[in-house]
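Down below is the structure, laid out as C-alpha cells.
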Amino acid sequence: MLGALALPVLSATTANAAPTTASVSALPASNCSSLPPLPYAVHAKAVTIRSKASSKSTALGVLYKSHKFTVSKKSGNWVYITDKTTGVKGWVSGTYVYRDVRMCLD
C-alpha cells in the first residue's frame with residue numbers, strides 16, 4: 001500500500017510575483033564574460049600529481065579533496081596543473097577533478 005505524499009501548494013500570486021526593486025538592484029552590473037575563469041578542484045579523496053600524463057610516471061605530489069588549482073593545458077583525459085599552495089606543477093587525471101561553475105543570468 002502506498003502512502004500519501006503531501007506537497008506545499010503555492011498560490012498563483014506568489015509564483016508569478018514580479019521581482020522587487022531591491023532584488024533587481026542587487027544583481028551585478030557585469031556579465032559572466034568579464035569575470036575570470038573559476039578554478040578547478042579535486043572531487044576524490046586525493047589525486048596524485050604526476051611528471052607525465054600517465055599513471056605509471058613519477059609521483060610529484062598529492063592534491064586532496066576540494067583543493068583548488070589552475071589548469072594550463074590538457075592532453076587526453078589528463079590536465080597539467082599548478083598547485084599555487086606548494087608550487088608543484090604536473091599532470092593530474094581529469095577523472096578526479098572538475099571546474100567550479102557559476103550561473104549567469106543575462
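Side chains are part of it too, since the values below use all heavy atoms of this structure and drop only hydrogens, waters and symmetry mates. All residue numbers refer to positions in the sequence shown, counting from 1.
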Can you list the residues that meet the side-chain hydrogen bond (donor to acceptor under 3.5 Å, both in side chains) rule with S93, with sequence neighbours excluded?
T95
Quick check on the hydrophobic clustering: are Y96 and Y80 connected, directly or via other members, by side-chain heavy-atom contacts under 4.5 Å?
no
With rounding to the nearest 0.5 angstrom, report the CH2 to OG distance, W91 to S57.
10.5 Å
What residues, two or more places apart in sequence or in another chain, satisfy ring pair (Phe, Tyr, Trp, His ring centres under 6.0 Å) together with W78?
none
Could you tell me whether the side chain of V71 reaches within less than 4.5 Å of the side chain of V97, counting heavy atoms only?
no
Is there a donor-acceptor pair under 3.5 Å between the side chain of T48 and the backbone N or O of R50?
no
Can you tell me how far the CG atom of D83 sits from the CG atom of L60, to the nearest 0.5 Å?
11.5 Å
Side-chain cluster (under 4.5 Å, hydrophobic types only) that Y64 belongs to, other residues:
V62
Enclosure of K65 NZ (heavy-atom neighbours >12, cutoff 6.0 Å)
yes
Verdict with reasoning, F69 to V42, per side-chain contact (heavy atoms from CB on, under 4.5 Å)
CA-CA 9 Å; F69 52 90; V42 176; 3.7 Å; yes
